There are 2 protein chains.
Amino acid sequence: MSDRLIQSVARSLDILEQFSFTQTELSVKEISEGVKLSKSTVHGLIKTLSQRGYLEQNQENQKYKLGLRLFELGNVVAGNMEIRQIAAPIIAQLGETLQETVHLVIRDGNQAVYVEKRDGPGSIRMYSQYGKRAPLHCTGVGKAILAFLPEKVMEQILIESEMVAFTPKTLTDPEKIKEELSITRDRGYAIDDEEIELGLTCIAAPIFNHKKEVIASISCAGLKFRYLEESQEMRPQQVIQAAKEISRRLGWKE
Amino acid sequence: MSDRLIQSVARSLDILEQFSFTQTELSVKEISEGVKLSKSTVHGLIKTLSQRGYLEQNQENQKYKLGLRLFELGNVVAGNMEIRQIAAPIIAQLGETLQETVHLVIRDGNQAVYVEKRDGPGSIRMYSQYGKRAPLHCTGVGKAILAFLPEKVMEQILIESEMVAFTPKTLTDPEKIKEELSITRDRGYAIDDEEIELGLTCIAAPIFNHKKEVIASISCAGLKFRYLEESQEMRPQQVIQAAKEISRRLGWKE
DNA sequence: GAATGGCGTTCGACAATATCGAACAAAATG
DNA sequence: CATTTTGTTCGATATTGTCGAACGCCATTC
């Protein structure tokens, strides 16, 4: 991909990306500071985005927020996501039998994107949101993908990823991570043992497409103390079986 | 809103809008024909959108489809939509008692956008999709909104809407529609009697915000013959009550 | 296996157009 | 009522987006 990118388009995307679950409304000034452009430049871009429904202005405080057109397009993407439709019933089933929160993520470059879930019972729920992104090297879902990627791709991703320690248990040394991934590959499933949040454990298994490439993974996440119970021994096998079933329906053959 | 819009940004949005539920993959050629621009211009825009994850290229056939970044932003919009969170449980409840498909739409200009639903039981389901848009003047949900809008706004919308007859029962004469809306206002709920699809009937009620402005509506849609049963007499009242409850939780006071 | 056609992609030159600062308007603040 | 802050408009400028032409790749055809 060459580098002759359209400046104003890239800038308009920068503007959209200023918004998030926590930053839902922004003023022109805040946006212009965020993207480091003059107010007038930003204003022109914002005006274009608003007129087309990609941004909306709150008439009470003049601030802007993301518009409904994005909701619309986002749902087109969701609707076209074959794997999501295929996986949904299997994930629901798995969540039911395990009585835990189950996630489906797909790989996008060196990140994992959450595309489907099934919340577990009880008041303690994991924070998770459709479309959320997470690093590959320190999450169960991510490791399940990394471990089965071609070695060169895996190494490239580890080089590109910035290693941030979320908890004392997060692995940040690429060599240690590679060891862990090797174990994961042999075992057939990945374990996240409080690497992203203390008290949180998860088991994840890879999903393959018809070309036998890892493209996604599912995980079963829960509080650590529950995983120590003997009745949970079969859990990894159940996650693996569910992942295999999704792979199969995607055209994968053993 | 003045008209000094940024051409290249508007064009990039034109490109995104070429895609839909039915048109999920497009080639550069198809896009350039769709937006009536040279291949090279389109290519530059596409390249920018792809590099940022708003489009993705299928490596097998070179075609492009909408990217995950839109899924992400679309979910931010969904997450920020207060009314959606508030209405969801009420809609689920209503669907349960009525045993029919229930929809929540919000007004966006002169269109209705479907933002939440609860599918009815049975194999016969209405085609409906999150983010889908529909005209206001010939749908139950739309008429429930139009009828309670300030007269001038309503008239403006009728002027701007192109009147397409979806079925022989669709009203296309603005005067007839105004009469119908007047009846709707007095009755407190709207009826769509096969105006958008033959065999399909629906009952819809308006939702108001804290400023007593109509901003949305809910509907209960089902096959016509079922609505003739006597047991269904209470249905309109139940839809109205649910809509009122949503309005109340949005800060509306009678 | 050379020739053809179709399509995605790159390149260079030109002029259209996006950009910025400054000025204006309109609220919010004291 | 003065002052500050912030959204919006305008005009001059050169940056940057645009197009046509050409390239290269793949598949199909003869």
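A quick note: this is a predicted structure, and the numbers were derived from the prediction, not measured. Proteins come first, then strands; the chains are lettered A, B, ... in the order of their sequence lines, and each starts at number 1.
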Inset, instruction - Using atom CG of A/Leu5 as one end and atom P of C/dT10 as the other, report the distance to the nearest whole Å. - result: 11 Å
Inset, instruction - Mind calculating the distance between CG (B/Leu49) and P (D/dG17) to the nearest angstrom? - result: 13 Å
Inset, instruction - Please determine, by modelled atom types, if A/Glu25 and A/Asn61 share a side-chain donor-acceptor pair under 3.5 angstrom. - result: yes
Legend entry - B/Ile15 CD1 to D/dG17 C1', straight-line distance once rounded to whole Å: 13 Å
Legend entry - Presence of A/Tyr64 side-chain N/O under 4.0 Å of D/dT8 phosphate oxygens OP1/OP2: yes
Legend entry - Nearest-nucleotide comparison on DNA chain C, the residue closer to the 5′ end among B/Leu26 and A/Leu37: B/Leu26
Inset, instruction - Respond yes when some side-chain nitrogen or oxygen of B/His43 is under 4.0 Å from OP1 or OP2 of C/dT9, and no when none is. - result: yes
Inset, instruction - Specify the separation, in whole Å, of atom CD of A/Glu56 and atom P of D/dG7. - result: 17 Å
Legend entry - Donor-acceptor side-chain pairing of B/Thr48 and B/Gln51 below 3.5 angstrom: no
Inset, instruction - Return no unless some side-chain N or O of B/Gln57 is found under 4.0 Å from OP1 or OP2 of C/dC7. - result: no
Legend entry - Check: A/Ser20/A/Gln23 side-chain N/O donor and acceptor closer than 3.5 Å: no
Legend entry - Charged N-O contact under 4.0 Å between B/Glu213 and B/Arg107: no
Inset, instruction - Among C/dT10, D/dG7, D/dT9, find the nucleotide with the atom closest to the side chain of A/Lys29. - result: D/dG7
Legend entry - Phosphate OP1/OP2 of D/dT16: any A/Gln7 side-chain N/O under 4.0 Å: yes
Using a cutoff of under 3.5 Å, can you pull out all pairs of nitrogen or oxygen atoms linking the protein to nucleotides 21-28 of chain C, with atom names and distances?
from, atom 1, to, atom 2, distance (Å)
C/dG21, N7, A/Ser40, OG, 3.4
C/dG21, O6, A/Ser40, OG, 3.0

Inset, instruction - For the residue pair B/Phe148 and B/Phe208, categorise the inter-ring angle as parallel (less than 30°), tilted (30 to 60°) or perpendicular (more than 60°). - result: perpendicular
Inset, instruction - Tell me whether the OP1 or OP2 atom of C/dA18 has a side-chain N or O from A/Arg11 closer than 4.0 Å. - result: no
Inset, instruction - Compare the minimum distances between each of D/dT8, D/dG17, C/dG8 and the side chain of A/Ile6, then state the nucleotide with the smallest one. - result: D/dG17
Inset, instruction - Name the nucleic acid region contacted by A/Glu30, choosing base, sugar-phosphate or nothing; use a 4.0 angstrom heavy-atom cut-off, strictly under. - result: nothing
Legend entry - Donor-acceptor side-chain pairing of B/Glu160 and B/Gln156 below 3.5 angstrom: yes
Legend entry - Minimum heavy-atom distance B/Glu56-B/Gly67, with the two atoms named: OE2-CA, 3.7 Å
Legend entry - A/Val9 vs A/Ser27, nearer the 5' end of DNA chain D by closest nucleotide: A/Ser27
